[in-house]
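Worksheet: one structure, shown below.
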Amino acid sequence: LQRAGFDAGNFSTRIVQEAGRVVTEADALPGELRIHLHHVVKTLLSVCKKEAEHTTAQELVEFLSWCTKHPGKVFKGDARKHKQILLLGLLNNDVVVVKRSAMERFTVHRYIPVTWRRVIDLVT
């Protein structure tokens with residue numbers, strides 16, 4: 001594994017080794033790894049929560065405004081802060097993810113609502 005570029009001490013590598021395949025759901029993990037994953041996620045969320053206490057409501061408003069004006073761009077050039085504010089908003093139900101299929105019902109993407117009239121013949 002090391003020759004292939006995998007770190008043998010990495011948690012993800014341990015999962016692949018013990019499960020014998022890439023695992024896409026926590027339920028498919030062996031018992032001990034599932035418990036360890038639970039503790040890792042709990043620790044990460046508590047760290048995120050501590051850091052998030054410094055995030056104000058004004059910063060969340062700025063973040064949402066930035067995402068609306070600059071879709072696909074990172075908030076203030078800081079990818080870590082962008083992810084942190086997004087995760088905080090999702091966890092606090094301040095930000096809601098809407099499925100694309102739901103949004104498409106509100107758009108006229110199939111039709112161009114413009115009337116037009118040909119002024120030049122197609123064939124001359």
Side-chain angles (χ1 to χ4, degrees):
L1 286 173
Q2 289 177 345
R3 281 188 270 152
F6 292 99
D7 179 13
N10 189 325
F11 181 67
S12 300
T13 305
R14 254 183 70 202
I15 290 173
V16 171
Q17 284 178 324
E18 292 189 25
R21 61 186 174 85
V22 175
V23 177
T24 58
E25 296 177 8
D27 293 340
L29 289 173
E32 180 184 317
L33 281 178
R34 191 178 316 146
I35 292 168
H36 183 66
L37 177 65
H38 173 74
H39 291 300
V40 168
V41 170
K42 190 175 179 181
T43 303
L44 290 174
L45 287 176
S46 68
V47 168
C48 183
K49 186 177 179 182
K50 286 177 187 174
E51 291 180 3
E53 291 172 355
H54 302 292
T55 303
T56 63
Q58 178 61 29
E59 197 168 28
L60 182 62
V61 170
E62 288 176 20
F63 173 75
L64 295 174
S65 175
W66 171 269
C67 290
T68 302
K69 292 177 185 172
H70 310 283
K73 304 282 190 212
V74 178
F75 181 60
K76 294 183 179 178
D78 187 356
R80 186 171 186 269
K81 186 71 171 174
H82 182 98
K83 290 175 187 173
Q84 179 185 359
I85 294 174
L86 180 60
L87 182 60
L88 174 69
L90 289 169
L91 291 174
N92 288 337
N93 291 325
D94 293 329
V95 176
V96 179
V97 177
V98 179
K99 289 185 178 181
R100 181 179 176 168
S101 58
M103 289 302 294
E104 285 179 346
R105 284 186 254 150
F106 299 107
T107 63
V108 289
H109 65 283
R110 294 187 187 112
Y111 311 103
I112 301 173
V114 176
T115 56
W116 61 277
R117 187 173 70 88
R118 185 181 310 130
V119 293
I120 301 174
D121 293 335
L122 288 175
V123 180
T124 57

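Scope of the values below: all heavy atoms of this structure, side chains included, with no hydrogens, waters or symmetry mates.
Among all heavy-atom pairs drawn from Lys73 and His82, the shortest one is O-CE1, 3.7 Å. Here the shortest heavy-atom pairing between Leu86 and Phe63 reads CB-CZ, 3.9 Å.
With hydrophobic clusters built from ILVMFWY side chains whose heavy atoms lie under 4.5 angstrom apart, Phe75 shares a cluster with Leu90.
Between the side chain of Asp121 and the backbone N or O of Val123 there is no donor-acceptor pair closer than 3.5 Å. Using a distance-only test at 3.5 Å, with no hydrogens or angles considered, a donor-acceptor pair links the side chain of Thr68 to the main chain of Leu64.
A search for salt bridge (Lys or Arg N to Asp or Glu O under 4.0 Å) contacts involving Lys76 returns Glu62, not counting sequence neighbours.
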